[in-house]
Novice: 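Below: one structure in structure tokens.
Computed from a prediction, not measured in an experiment: that's the story for all the values here. Counting starts at 1 for both ligands and their atoms, in listed order.
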Amino acid sequence: MKVLNFGSLNIDLVYGVSHHARTGETLTTRDFKRHMGGKGLNQSVALCRAGAEVYHAGCVGGDGVFLRDYLRDSGVNVDQVQVIDEATGHAVIQVNSEGDNCILLYPGANRCQTKESMEKALECFGEGDLLLMQNETNGLKEMMHAAREKGMRIALNPSPIDDTLLTLPMELVDYFILNEIEGAALSGETEPERIVEALLKKYPQAHIVLTLGGAGSLYARGDVRIRQPIFKVKAVDTTGAGDTFTGYFLASQLRGEDAAQSLRMAAAAAAIEVTRPGAAQAIPALDEVNSWIVTK
Ligand code: RIB
């Protein structure tokens, strides 16, 4: 069972700040770092470090070849990562003293997928394989229909949320992995329990995984409801925590583990990730998560 991650690759420009800049404020930053990122890239790295067989399809410009190389060196198949004549996507990220972030995204090359590149990306996949997508690329609708025709399962992390998501054939999605803001936008509800119930009503076949920041996560499917608290740690940088959670949750599901075990692995991996700066580079390997979790 292979995973095709049709996802973004970004250069993360990360600024350490005392607080997130307010309207009209000029804020001098504490420090600056350039990291590998993008929800797509981070999730591919997380899946791979969690033991899944991962193929990434995406686009970078000449300034982003190092992102493709990083993915390849991390063990991800990058045959379908194209280098095109566009600027690589980038994110301007403010990380405050509590480790919380605030992100401005420029999609750049991530929004340059064509009909041909999408067909090519799907060529080697079929029945039972998993298509994973976030909302930092174009072409989600086309990929969902084409993947379903091939009998693939579909996982969607609808992040960042915007109106184009409301036009997608969500009934094709097998796994929704989303936070409260995204859940509220897709369900029209604001309370976690009501969000998952509303989503299950609309998409009864789906696994719903709602992440709730410090309140942990909530899983719902059929009659099953599972709450997973966070593992408490001192956060340095929360960027990429959701991506780590997504990658670890799905890798565990692909191994055939039950939802409770998948949530626990995902929560542990995300907890380790936030204790280190950066996104992809902070994602732990499976051995580390396994040894850490037995101490909890
Ligand atoms: O989820 C974190 C990611 O969001 C960052 O790496 C940044 O690139 C944005 O896409």
Side-chain angles (χ1 to χ4, degrees), residues 5-17 20 32-50 56-61 63-64 66-68 70-71 74 76 81 86-96 99-113 132-138 140 155-162 164-165 176-183 209-213 217 235-250 266 269-284:
N5 185 3
F6 185 76
S8 58
L9 303 96
N10 292 334
I11 300 170
D12 285 356
L13 307 174
V14 185
Y15 299 87
V17 292
H20 297 149
F32 166 71
K33 298 262 165 32
R34 193 178 77 141
H35 291 312
M36 277 80 56
K39 294 185 195 305
L41 180 147
N42 299 338
Q43 291 176 24
S44 279
V45 170
L47 274 156
C48 199
R49 292 199 181 143
H56 192 103
C59 297
V60 292
D63 56 337
F66 75 100
L67 298 173
R68 180 200 61 191
Y70 179 77
L71 270 185
S74 302
V76 176
V81 176
E86 268 294 333
T88 299
H90 74 260
V92 174
I93 304 180
Q94 300 174 45
V95 178
N96 70 12
D100 292 325
N101 64 53
C102 173
I103 303 180
L104 275 181
L105 185 66
Y106 172 71
N110 293 310
R111 289 268 161 95
C112 293
Q113 290 284 356
L132 168 63
M133 296 185 298
Q134 314 78 29
N135 191 28
E136 292 187 343
T137 62
N138 66 312
L140 301 193
L156 178 66
N157 169 222
S159 179
I161 196 82
D162 66 24
T164 62
L165 284 168
F176 288 94
I177 304 179
L178 69 185
N179 66 22
E180 263 172 304
I181 297 171
E182 295 143 10
V209 186
L210 187 68
T211 58
L212 302 164
S217 53
V236 167
D237 181 355
T238 56
T239 313
D243 301 326
T244 306
F245 186 101
T246 297
Y248 263 81
F249 180 86
L250 290 173
I272 298 172
E273 197 269 354
V274 302
T275 62
R276 304 165 178 162
Q281 69 196 48
I283 299 171

Novice: Short list, please: which atoms of ligand 1 are under 4.0 Å from a heavy atom of Ala91?
Specialist: 7 (C), 8 (O)
Novice: Is a side-chain donor-acceptor pair under 3.5 Å present for Thr239 with Asp237?
Specialist: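 There is such a pair between these side chains.
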Novice: Kindly give the heavy-atom pair with the smallest separation between Arg111 and Asn138, and that separation in Å.
Specialist: C-OD1, 3.1 Å
Novice: Hey, which atoms in ligand 1 end up nearer than 4.0 Å to a heavy atom of Gly37?
Specialist: 6 (O), 8 (O)
Novice: Looking only at protein heavy atoms, identify the closest one to atom 4 (O) of ligand 1 and say how far it is in Å.
Specialist: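 Its nearest protein heavy-atom neighbour is Lys39 NZ, 3.1 Å.
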Novice: Within a distance under 4.0 Å of any heavy atom of Asp12, pick out the atoms of ligand 1 and give their elements.
Specialist: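 So the atoms of ligand 1 that pass are 5 (C), 6 (O), 7 (C), 8 (O).
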Novice: Side chain or backbone, does Gly38 bring an N or O within less than 3.5 Å of an N or O on ligand 1?
Specialist: yes
Novice: Under 3.5 Å, side chain of Thr88 to main-chain N/O of Gly61, donor-acceptor pair present?
Specialist: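 The answer is yes, because a donor-acceptor pair under 3.5 Å joins these two groups.
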Novice: Go through His35 and Gln281 one step at a time and tell me if the side-chain contact (heavy atoms from CB on, under 4.5 Å) criterion holds.
Specialist: CA-CA 8 Å; His35 291 312; Gln281 69 196 48; 2.8 Å; yes
Novice: Tell me: protein heavy atom nearest atom 3 (C) of ligand 1, and distance?
Specialist: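 The answer is Asn42 ND2, 3.7 Å.
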Novice: If I take atom NZ from residue Lys39 and atom CG from residue Leu9, how far apart are they, to the nearest 0.5 angstrom?
Specialist: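 Rounded to the nearest 0.5 Å, the NZ-CG separation comes out at 13.5 Å.
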Novice: Between Glu136 and ligand 1, find which residue part has any heavy-atom pair under 4.0 Å and reply side chain, backbone, both or neither.
Specialist: side chain
Novice: Any donor and acceptor pair, going by atom type alone, linking the side chain of Asn179 with main-chain N or O of Ile181 inside 3.5 Å?
Specialist: yes
Novice: Would you mind listing which atoms of ligand 1 come within a distance below 4.0 Å of any non-hydrogen atom of Asp243?
Specialist: 1 (O), 2 (C), 3 (C)
